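To keep things clear, I will list the structure first and then write my remarks on it.
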Amino acid sequence: MRIRFQQLAAGSDSGLRRALDRVLASGYFVLGPEVEAFERAFARALGVLHAVGVGSGTDAITLSLRAAGIGPGDRVLTSAFSTGYTGLGILHAGASPVFADVERESLCLDSTAAERVLEGSEIAAIVPVHLFGGAAARWKRLLEAAARREIPIIEDACQAHGARFEGRALGSFGAAAAFSFYPTKNLGSLGDAGLVATDDAELADRVRRLRSGGQTARHHHEEIGWNSHLDEIQAAVLSQRLPGLAAANRERRRLSRRYREALSGTGLGFVTPGPGVESACHLFVVRSPARDALREHLADDGIESLVHYPVPLSEQAVFQRFRAEPEKFPEASRAAAEVLSLPLHPGFADAEVDRVAASVRSFFAGSPAAPRMAE
């Protein structure tokens with residue numbers, strides 16, 4: 001039996017079909033009542049005052065930065081280990097990304113490394129990434145460092161739907177936060193979709209202008225804007241799925257615990273969010289110096305796995321002009337060579353977790369020379 005990495009088929013979801021029928025019957029397809037309803041519901045669930053739907057998570061990063069006054073000539077600090085879209089969002093805002101290393105355990109931006117950059121560079125904003133649905137062990141320290149310097153934080157919360165730190169939602173700490181609702185996210189749409197969350201009414205209003213071509217009124221463009229809209233169909237789908245997010249995240253956390261118990265003693269490392277973090281468990285990520293051989297073994301056993309992410313941002317071709325030497329980001333470089341994401345989604349069965357774990361254990365049992373993670 002093949003085990004797929006992700007299961008996205010909606011099947012016979014009657015609620016989803018009703019939501020689609022509602023949009024089709026309404027005649028509204030862009031920036032209508034469904035978008036407004038979802039924006040209100042998501043803001044309420046997150047505990048912020050404003051939510052503005054946009055076309056994608058990348059757009060959400062870009063528009064958040066521009067609405068916060070960040071643009072050409074500015075330098076924005078972010079993690080050296082993330083999806084390339086984090087850095088691209090900064091570039092699209094006209095700013096230059098500046099990278100810092102990540103914590104070994106969480107793989108989120110390391111506050112000590114970030115403070116070294118802040119002391120030696122003019123930084124206009126920070127975009128920490130809540131990677132894999134968690135947050136850094138020293139998340140508070142990063143917030144405090146930014147506050148002392150009066151530097152806005154734009155949270156990349158694209159993988160952190162429903163995650164919390166000390167009871168408060170990730171995505172509610174910064175000047176703004178960017179969310180993605182790409183189909184594979186914990187709260188996923190049926191296509192590209194994103195959102196900017198903030199408590200700042202002025203910033204939210206500017207995002208609304210920027211997403212619609214910089215218009216202050218119809219056909220009146222007063223600044224360079226984008227065409228970046230959350231459409232009605234995606235908003236209706238997200239409204240239908242939002243009430244189930246908390247239960248789905250609980251199931252992700254339960255399955256992650258089952259994985260950890262089943263894989264203890266194998267020599268694998270686990271990506272672990274900081275204390276006080278209730279992770280969204282967007283992905284279940286293990287680490288091994290034998291990553292590539294392990295992945296090949298799983299594939300031979302009919303088990304899909306993915307690598308998030310094989311190349312640090314500091315080494316991506318598009319960011320070459322901002323490149324620092326790789327040894328400046330040892331944890332990011334090490335993670336890129338070791339991380340492996342195992343199948344995980346709310347519909348995953350316990351028996352499937354056990355089968356994946358058994359396959360992993362058989363790899364290490366059959367490969368006594370496979371290196372273990374350093375303690």
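All figures in this text were calculated on a predicted structure; none of them were measured in a lab.
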Between R254 and D350 (salt bridge meaning N to carboxylate O under 4.0 Å), is one present in this structure? yes
Treat each ILVMFWY residue as a node, draw an edge where side-chain heavy atoms are under 4.5 Å apart, and state whether V196 and I70 are in one component. no
Do D301 and R355 make a side-chain contact, defined as non-hydrogen atoms from C-beta onward lying under 4.5 Å apart? yes
Does V356 offer a backbone N or O that forms a donor-acceptor pair with the side chain of S359 under 3.5 Å? no
Single hit among Q159, H282, R241 for side chain to side chain donor-acceptor pair (under 3.5 Å) with N186: H282
Any side-chain to backbone donor/acceptor pair from E150 onto A146? Under 3.5 Å, distance only. no
Does this structure show an ion pair linking D205 with R208, if we count only N-O contacts that are shorter than 4.0 Å? yes
For side-chain contact (heavy atoms from CB on, under 4.5 Å), just list the numbers for E115 and R148, CA-CA rounded to whole Å, side-chain angles, deciding distance to a tenth of an Å, and then say yes or no. CA-CA 11 Å; E115 286 188 270; R148 284 196 305 272; 3.0 Å; yes
Should E331 and R334 count as an ion pair when the cut-off is N to O under 4.0 Å? yes
Check this for me: R168, atom CZ, are more than 12 non-hydrogen atoms of other residues, nucleotides or ligands nearer than 6.0 Å? yes
Regarding S333 and E315, is there a side-chain donor-to-acceptor distance under 3.5 Å anywhere? yes
For E36, does the CD atom sit with more than 12 other heavy atoms under 6.0 Å from it, leaving out its own atoms? yes
Answer yes or no: does atom OH of Y28 have more than 12 heavy-atom neighbours from other residues, nucleotides or ligands under 6.0 Å? no
Decide whether V286 and F81 are clustered together by the hydrophobic rule: side chain heavy atoms of Ile, Leu, Val, Met, Phe, Trp, Tyr closer than 4.5 Å, transitively. yes
List the atom of A95, the atom of V76, and the distance in Å for their closest heavy-atom pair. CB-CG2, 3.7 Å
So, Q215 versus S212: side-chain donor-acceptor pair below 3.5 Å or not? no
When rounded to the nearest 0.5 angstrom, what is the spacing between CG in L46 and CZ in F179? 4.5 Å
How long is the straight-line distance from CG of L170 back to CG of D156, given to the nearest 0.5 Å? 11.5 Å
Is it true that R211 and E39 make a salt bridge, defined as a side-chain N closer than 4.0 Å to a carboxylate O? yes
Main-chain N/O of G174 paired with E155 side-chain donor or acceptor, under 3.5 Å: yes
Heavy atoms of T78 and V127 approach each other most closely as OG1-O, 2.6 Å
Decide if atom CZ of F5 counts as having more than 12 heavy atoms of other residues, nucleotides or ligands within a radius under 6.0 Å. yes
R252 side chain near N249 side chain, heavy-atom distance below 4.5 Å: yes
Residues D110, R104; criterion salt bridge (charged side-chain N to carboxylate O under 4.0 Å, His left out); working and verdict: CA-CA 9 Å; D110 185 289; R104 186 173 188 181; over 6 Å; no
Looking only at the side chains, is there a donor atom on one of S305 and R291 sitting less than 3.5 Å from an acceptor on the other? no
Would the distance check show the side chain of D74 and the main-chain N or O of G71 forming a donor-acceptor pair, the cut-off being under 3.5 Å? yes
Hey, are R141 and E144 close enough for a salt bridge, meaning a charged N less than 4.0 Å from a carboxylate O? no
Mind checking the OG-CZ spacing from S279 to R253? Nearest 0.5 Å is all I need. 7.5 Å
Return yes when atom CD of E223 has more than 12 non-hydrogen atoms of other residues, nucleotides or ligands closer than 6.0 Å, and no otherwise. yes
Please determine whether residues V129 and V102 belong to a single hydrophobic cluster, defined as Ile, Leu, Val, Met, Phe, Trp and Tyr linked transitively by side-chain heavy-atom distances below 4.5 Å. yes
Within the 4.5 Å heavy-atom criterion, are L143 and F165 side-chain neighbours or not? no
Between I61 and T86, what is the shortest heavy-atom contact and its length? CD1-CA, 3.9 Å
To the nearest 0.5 Å, what is the distance between CD on E105 and CZ on R287? 9.0 Å
Evaluate side-chain contact (heavy atoms from CB on, under 4.5 Å) for L283 paired with L344, printing each intermediate quantity in order. CA-CA 6 Å; L283 296 168; L344 176 73; 5.9 Å; no
Note: S96 and I90 closest approach over all heavy atoms is C-CG2, 4.0 Å
Hey, are E278 and R164 close enough for a salt bridge, meaning a charged N less than 4.0 Å from a carboxylate O? no
Should V353 and V360 be counted in the same cluster of Ile, Leu, Val, Met, Phe, Trp and Tyr side chains packed under 4.5 Å apart? yes
T62 (side chain) donor-acceptor with G89 (main chain) under 3.5 angstrom: yes
Hey, quick one: are I154 and L88 part of the same hydrophobic cluster, counting side-chain heavy atoms closer than 4.5 Å, chains of contacts allowed? no
Does any donor atom in the side chain of H308 or T83 lie under 3.5 Å from an acceptor atom in the other side chain? no
For S56, does its backbone N or O pair with a side-chain atom of T58 as donor and acceptor, under 3.5 Å? no
Quick check: do F284 and L263 have side-chain heavy atoms less than 4.5 Å from each other? yes
4.5 Å side-chain heavy-atom contact, Q7 and F348: no
Return the orientation label for the Y309 and F132 ring planes: parallel under 30°, perpendicular over 60°, tilted otherwise. parallel
Quick one: closest heavy-atom pair of A19 and Q240, and the distance? CB-CB, 4.5 Å
Before giving the answer on side-chain contact (heavy atoms from CB on, under 4.5 Å), spell out for F329 and L313 the whole-Å C-alpha distance, their side-chain angles and the decisive distance to 0.1 Å. CA-CA 10 Å; F329 312 109; L313 295 195; over 6 Å; no
So how far is it from S180 OG to L187 CG, rounded to the nearest 0.5 Å? 10.0 Å
Taking the six-membered ring where the residue is Trp, are the ring centres of F42 and F181 under 6.0 Å apart? yes
d(R66 CZ, W226 CH2) to nearest 0.5 Å is 4.5 Å
Mind running side-chain contact (heavy atoms from CB on, under 4.5 Å) on H229 and N227 for me, showing each step along the way? CA-CA 6 Å; H229 300 139; N227 185 6; 3.2 Å; yes
Got more than 12 heavy atoms from elsewhere within 6.0 Å of CG, L24? yes
Any T198 side-chain heavy atom under 4.5 Å of L49 side chain: no
Side chain proximity check, L131 to E103, heavy atoms < 4.5 angstrom: no
Here the pair of heavy atoms bringing A136 nearest to S106 is CA-OG, 3.7 Å
Within the structure provided, determine whether P128 and L142 are in side-chain contact (heavy-atom separation under 4.5 Å). yes
